[in-house]
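Quick notes on the structure that follows.
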There are 2 protein chains.
Amino acid sequence: MQLHKRDVVAAATSLLDAYGMADLTMRRLARELAVSPGALYWHFANKQQLLGAVADHLLPGFDDVTGSWHERIAALCHRLRDALLSHTDGAELVSASFAAGQSAAMDHLLTVLGAAAVEAGVGSGNAELAARTVVYYVLGFTADEQSRLQWDAAGADVTQPVWTENPTARFTFGLQLLVDGIAAHSRTRS
Amino acid sequence: MQLHKRDVVAAATSLLDAYGMADLTMRRLARELAVSPGALYWHFANKQQLLGAVADHLLPGFDDVTGSWHERIAALCHRLRDALLSHTDGAELVSASFAAGQSAAMDHLLTVLGAAAVEAGVGSGNAELAARTVVYYVLGFTADEQSRLQWDAAGADVTQPVWTENPTARFTFGLQLLVDGIAAHSRTRS
DNA sequence: ACCTGAACACCGTTCAAGT
DNA sequence: ACCTGAACACCGTTCAAGT
């Protein structure tokens, strides 16, 4: 039976969920699919491209978000965080794919966030940067949160400092900081 | 002649500068130092710890920064960015070490930034998060900037989009956004 | 105390050759 | 067009044994 891109991505996703990024290797994935490692390179140019496809598979849509510009930013960020937290090492995977420019979904999110920033009154030359700043925050915060979560789940019973409590409330606070910053720049032209 | 931690870190730094993170391997480093790979494990528990030491070696001090809280934040962030840009893959290395909790220098920066946030009037429970948000921004922005810089330098003559011009001005703009956000939270208690 | 030698258990990627 | 088999050139880490 023929191997399709979507089968590879599905198998990679379940490997990720079960064992994490360190065990998401081309060889292990090939073994899981009962093909030779080389077979994957017929469908994907390299590992980065495959990881980008996995990232896009686990990310949600970002188009059906409505409301004022700051409501949209908040909703988009919570949606991104939720998706990342739903998969083992999700934040790490998406961060890497975003940095490598291999995630179409993240590029699209940037566009949608940029539009919200423009609506907030940020000059169009700076809107993309405002959008990127928001993305850096969500990825950084969530990667941090997730590594602590997974560390705890792995049985490390070290008592965490106060600041790891109420992660959602803390996430919202940091987000509000960015939204306020964008609002303060409403009168910035570019 | 005995191998010392500082020799290992120095050799690792020059390997990094010359060939980048992908070639900064334990085996290659051992070869450069004319020792066996196992020798490195007498001085460092693992690769992450060694990379953390390299990160701390290339980072500057963060204590002699004066001025108002927003001047201090700006100065600290510019100093961090400058250090990252001074070494091949500097942003990537420090990001990884920070995420892995292996950089004492970054932990210290967090403290200093947190103090500035407290002085800005952010509740002490949220100051650390404000500090982290600033760090996520600097690391994210600079990693992005540096990967484009290094790509160009490697001879890719693709015309970059408008938004890659004036990186320092763009960096300052994004930073201002965060500073404004922190200022807006001056009356937040925690 | 500090290091070697050699092994263990892997990697990503390429490519001639097969079907 | 799609895949196998086998190779190429590596990895990080461990550990008995040496000095």
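The sequence lines fix the lettering, A, B, ..., with proteins before strands; numbering per chain opens at 1. All values reported here derive from a predicted model rather than from experimental measurement.
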Identify each donor-acceptor pair in which a side-chain atom of residues 102-113 of chain B lies under 3.5 Å from a protein atom, sequence neighbours left out, and give them as a table.
from: Ser103(B); atom 1: OG; to: Asp56(B); atom 2: OD1; distance (Å): 2.7
from: Ser103(B); atom 1: OG; to: Met106(B); atom 2: N; distance (Å): 3.1
from: His108(B); atom 1: NE2; to: Asp63(B); atom 2: OD1; distance (Å): 2.9
from: His108(B); atom 1: NE2; to: Asp63(B); atom 2: OD2; distance (Å): 3.2
from: Thr111(B); atom 1: OG1; to: Asp107(B); atom 2: O; distance (Å): 3.1

Is a side-chain donor-acceptor pair under 3.5 Å present for [Y] with [X]?
X	Y	result
Asn46(A)	Tyr41(A)	no
Gln2(B)	Asp7(B)	no
Ser68(A)	Glu71(A)	yes

Can you tell me if the side-chain N/O atoms of Trp42(B) get under 4.0 Å from OP1 or OP2 in dC3(C)?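 Checking dC3(C) against Trp42(B), no side-chain N or O comes under 4.0 Å of OP1 or OP2.
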Under 4.0 Å between a side-chain N/O of His43(B) and OP1 or OP2 of dA1(C), yes or no?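 Checking His43(B) against dA1(C): no side-chain N or O falls below 4.0 Å of OP1 or OP2.
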Checking N1-N3 plus N6-O4 or O6-N4 for Watson-Crick, or N1-O2 and O6-N3 for wobble, each under 3.5 Å, the partner of dT14(C) is dA6(D)
Can you tell me, in whole Å, how much space there is between the P of dA9(C) and that of dA9(D)?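 Comparing P positions in dA9(C) and dA9(D) gives a spacing of 24 Å.
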Look at the side-chain heavy atoms of Ile, Leu, Val, Met, Phe, Trp and Tyr, link any pair under 4.5 Å apart, and say whether Val54(B) and Tyr19(B) land in one connected group.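 Both belong to a single hydrophobic cluster.
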Which heavy atom of Leu129(B) sits nearest a heavy atom of Gly174(A), and at what distance?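 Nearest heavy atoms, Leu129(B) then Gly174(A): CD2-N, 3.8 Å.
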For Leu40(A) and dG5(D), what is the distance between atoms CG and P respectively, to the nearest whole Å?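 It is 14 Å, rounded to the nearest whole Å.
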List the protein contact pattern of nucleotides 7-18 of chain D with one symbol per nucleotide (5' to 3'): B for base contact, S for sugar-phosphate-only contact, - for none; contact means a heavy-atom distance under 4.0 Å. B---BBBB----
